[in-house]
Colleague: 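The structure under discussion is supplied below as structure tokens; questions concerning it will follow.
Counting starts at 1 for both ligands and their atoms, in listed order. Nothing here was measured: the structure is a model prediction, and the numbers come from that model.
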Amino acid sequence: MVKSIVLEDGKIIQIVQGDITKEEVDAIVNAANGYLRHGGGVAGAILRAGGKIIQEESDRIIRKNGPLEVSEVAVTGAGSLHPKYIIHVHGPRYGQENVEELLYESFLNAFKTAGKLGVKTLSVPAVSSGIFGVPKDLCARCFFRAVEYYFENYKDTPLSLIRVCNIDRATTEVFEKVSEEFF
Ligand code: ADP
């Protein structure tokens, strides 16, 4: 089941339960670490499904630019997956100072990057809410705050659909509930 929220200007936000590697969108966001080593969680799933080229491209970026700061993004292709791009974002760990602001910035940077790439449809997981330990409701608030800010301030963005896609029902339910505080 998909929960859809349609904004006044026609932009669409969707909340779906599913495997993000199966998403038929222009780009997906990956919950990455600073070294873009895609081992576990959603990053591991993306690598297994999309192929090792994603890790090779990631390694080249790190060799060239060094590790990502928290809330910084890097872009690779998506290997054999449907999307054209993967936007890797280094979310914060729970317990770190300013975690809420940093997670909000992480989502916002991912949206800004997607817009600059000409991405029209984007799917995003609940960054930092797995191995990095951020509570799901806090993660959802950062996400919707970033969506709201982005669509309000980037009116001519090509991005017309942002989906939050999570593998588990519990996370999806939290996002559905928190969305009611915003839209
Ligand atoms: P982080 O290290 O940033 O916390 P994780 O990958 O551990 O990132 O988890 C982020 C979220 O992604 C969690 O809610 C987790 O359940 C979810 N997740 C894991 N695998 C998938 C997948 N294949 N598709 C969608 N969501 C996933």
Side-chain angles (χ1 to χ4, degrees), residues 1-3 13-52 54-55 58 61-62 67-76 78-83 85-111 113-114 119 121-147 161-179:
M1 219 188 62
V2 181
K3 177 172 177 181
I13 302 153
Q14 291 183 332
I15 304 160
V16 286
Q17 183 187 353
D19 180 350
I20 202 163
T21 67
K22 306 249 160 61
E23 287 283 272
E24 297 196 348
V25 286
D26 297 341
I28 56 173
V29 171
N30 178 27
N33 55 46
Y35 292 93
L36 299 181
R37 287 204 192 105
H38 313 305
V42 70
I46 289 172
L47 187 63
R48 282 193 301 278
K52 66 179 184 347
I54 297 169
Q55 187 62 69
S58 299
I61 292 171
I62 296 296
L68 268 61
E69 308 259 348
V70 174
S71 83
E72 201 182 339
V73 304
V75 180
T76 67
S80 60
L81 300 181
H82 178 281
Y85 305 109
I86 301 176
I87 300 171
H88 305 268
V89 62
H90 177 15
R93 283 173 198 273
Y94 193 53
Q96 125 171 50
E97 218 177 307
N98 291 330
V99 65
E100 201 167 337
E101 229 26 56
L102 289 168
L103 187 50
Y104 163 78
E105 288 291 337
S106 300
F107 286 123
L108 191 56
N109 285 338
F111 304 155
T113 301
V119 164
T121 57
L122 178 72
S123 191
V124 187
V127 174
S128 290
S129 78
I131 299 161
F132 281 4
V134 172
K136 303 287 184 186
D137 59 335
L138 183 65
C139 177
R141 279 189 195 95
C142 294
F143 174 80
F144 289 116
R145 195 152 68 83
V147 171
L161 169 67
I162 299 179
R163 283 159 70 88
V164 57
C165 174
N166 260 278
I167 199 89
D168 63 296
R169 186 71 218 143
T171 305
T172 312
E173 276 170 7
V174 172
F175 273 74
E176 284 172 356
K177 197 159 190 299
V178 172
S179 71

Colleague: Please check: side-chain N/O of Asn33 versus main-chain N/O of Leu36, any donor-acceptor pairing under 3.5 Å?
Modeller: yes

Colleague: For His88 and Thr76, test the side chains for any donor-to-acceptor distance below 3.5 angstrom and give the result as yes or no.
Modeller: yes

Colleague: Which protein non-hydrogen atom lies closest to atom 8 (O) of ligand 1, naming both residue and atom, and how far is it?
Modeller: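 Nearest neighbour among protein heavy atoms for atom 8 (O) of ligand 1, to 0.1 Å: Ala31 CB, 3.6 Å.
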
Colleague: Verify the distance criterion only: is there a donor paired with an acceptor across the side chains of Glu23 and Ser123 at less than 3.5 Å?
Modeller: yes

Colleague: Are Ser58 and His38 close enough that a side-chain donor and a side-chain acceptor fall under 3.5 Å?
Modeller: yes

Colleague: What atoms in ligand 1 come closer than 4.0 Å to a heavy atom of Lys136?
Modeller: 13 (C), 14 (O)

Colleague: Tell me the protein heavy atom at minimum distance from atom 16 (O) of ligand 1, and give that distance in Å.
Modeller: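 Minimum-distance protein heavy atom for atom 16 (O) of ligand 1 reads Asp168 OD1, 3.6 Å.
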
Colleague: Just which atoms of ligand 1 are under 4.0 Å from any heavy atom in Cys165?
Modeller: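 This gives 25 (C), 26 (N) as the contact atoms.
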
Colleague: Considering residues at least two apart in sequence or located in another chain, which fulfil the ring pair (Phe, Tyr, Trp, His ring centres under 6.0 Å) criterion with Phe175?
Modeller: Phe143, Phe144

Colleague: Among all the protein's non-hydrogen atoms, which is closest to atom 23 (N) of ligand 1, and how far away is it?
Modeller: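 Going atom by atom, the protein heavy atom closest to atom 23 (N) of ligand 1 ends up being Asp19 OD1, 2.9 Å.
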
Colleague: Supply the atom-to-atom distance Ile13 CD1 to Lys3 NZ, rounded to the nearest 0.5 angstrom.
Modeller: 10.0 Å

Colleague: At what distance, to the nearest 0.5 angstrom, does CG of Leu47 lie from CD1 of Ile86?
Modeller: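 So the gap between those two atoms works out to 8.5 Å.
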
Colleague: Below the 3.5 angstrom mark, is there an N/O of Pro125, backbone or side chain, next to an N/O of ligand 1?
Modeller: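 Min N/O separation from ligand 1 is not below 3.5 Å for Pro125.
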
Colleague: Between Thr171, Val42, Asn166, flag the one that comes closest to atom 13 (C) of ligand 1 by a heavy atom.
Modeller: Asn166

Colleague: Indicate yes or no: does an N/O atom of Thr21 lie under 3.5 Å from an N/O atom of ligand 1?
Modeller: no

Colleague: Distance check, rounded to the nearest 0.5 Å: Leu68 atom CG versus Ser106 atom OG?
Modeller: 10.0 Å

Colleague: Give a yes or no on whether the backbone of Arg93 and the side-chain of Gln96 come within a donor-acceptor separation of less than 3.5 Å.
Modeller: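 Here the side-chain-to-backbone pair exists.
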
Colleague: Heavy atom to atom 18 (N) of ligand 1, shortest distance: which of Ile167, Val127, Ile46 holds it?
Modeller: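 It is Ile167 whose heavy atom sits nearest to atom 18 (N) of ligand 1.
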
Colleague: If you count the atoms of ligand 1 from 1 in the order shown, which ones are under 4.0 Å from a heavy atom of Gly18?
Modeller: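 Under 4.0 Å from Gly18, ligand 1 has these atoms: 24 (N), 25 (C).
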
Colleague: Do any heavy atoms of Gly44 fall under 4.0 Å from ligand 1?
Modeller: no

Colleague: I'd like to know if the side chain of Asn166 and the backbone of Asp168 have a donor-acceptor N/O pair within less than 3.5 Å.
Modeller: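 A pair under 3.5 Å: no.
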
Colleague: Which ligand 1 atoms does Gly41 reach within 4.0 Å, using its non-hydrogen atoms?
Modeller: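 Those qualifying, in numeric order: 6 (O).
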
Colleague: Say whether, by atom type as modelled, one donor and one acceptor occur between the side chain of Asn109 and the main chain of Glu72 under 3.5 angstrom.
Modeller: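 No, because the side chain of Asn109 does not come within donor-acceptor range (under 3.5 Å) of the backbone of Glu72.
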
Colleague: Would you be so kind as to tabulate the donor-acceptor pairs closer than 3.5 Å made by side chains of residues 131-138, with sequence neighbours excluded?
Modeller:
from: Lys136; atom 1: NZ; to: Ser129; atom 2: O; distance (Å): 3.1
from: Lys136; atom 1: NZ; to: Ser129; atom 2: OG; distance (Å): 3.0
from: Lys136; atom 1: NZ; to: Thr171; atom 2: OG1; distance (Å): 3.2

Colleague: Check whether any heavy atom of Gly91 sits under 4.0 Å from an atom of ligand 1.
Modeller: no

Colleague: Who's the nearest protein heavy-atom neighbour of atom 24 (N) of ligand 1, and how far?
Modeller: Ile20 N, 3.0 Å

Colleague: In the protein, what heavy atom is nearest to atom 7 (O) of ligand 1, and what distance, to one decimal place, separates them?
Modeller: Ile131 N, 2.8 Å

Colleague: What do we get for Val134 next to ligand 1 when only non-hydrogen atoms under 4.0 Å count, side chain, backbone, both or neither?
Modeller: neither

Colleague: From atom 10 (C) of ligand 1, work out which of Ala126, Ala45, Cys139, Gly133 has a heavy atom at the shortest distance.
Modeller: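 Among Ala126, Ala45, Cys139, Gly133, the closest heavy atom to atom 10 (C) of ligand 1 belongs to Ala126.
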
Colleague: Tell me whether ligand 1 is touched by Arg93 - counting only heavy atoms on the residue side and a distance under 4.0 Å.
Modeller: no

Colleague: Among all protein non-hydrogen atoms, which one is nearest to atom 3 (O) of ligand 1, and what is the separation to 0.1 Å?
Modeller: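 Answer, as residue, atom name and distance: Ser128 N, 2.8 Å.
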
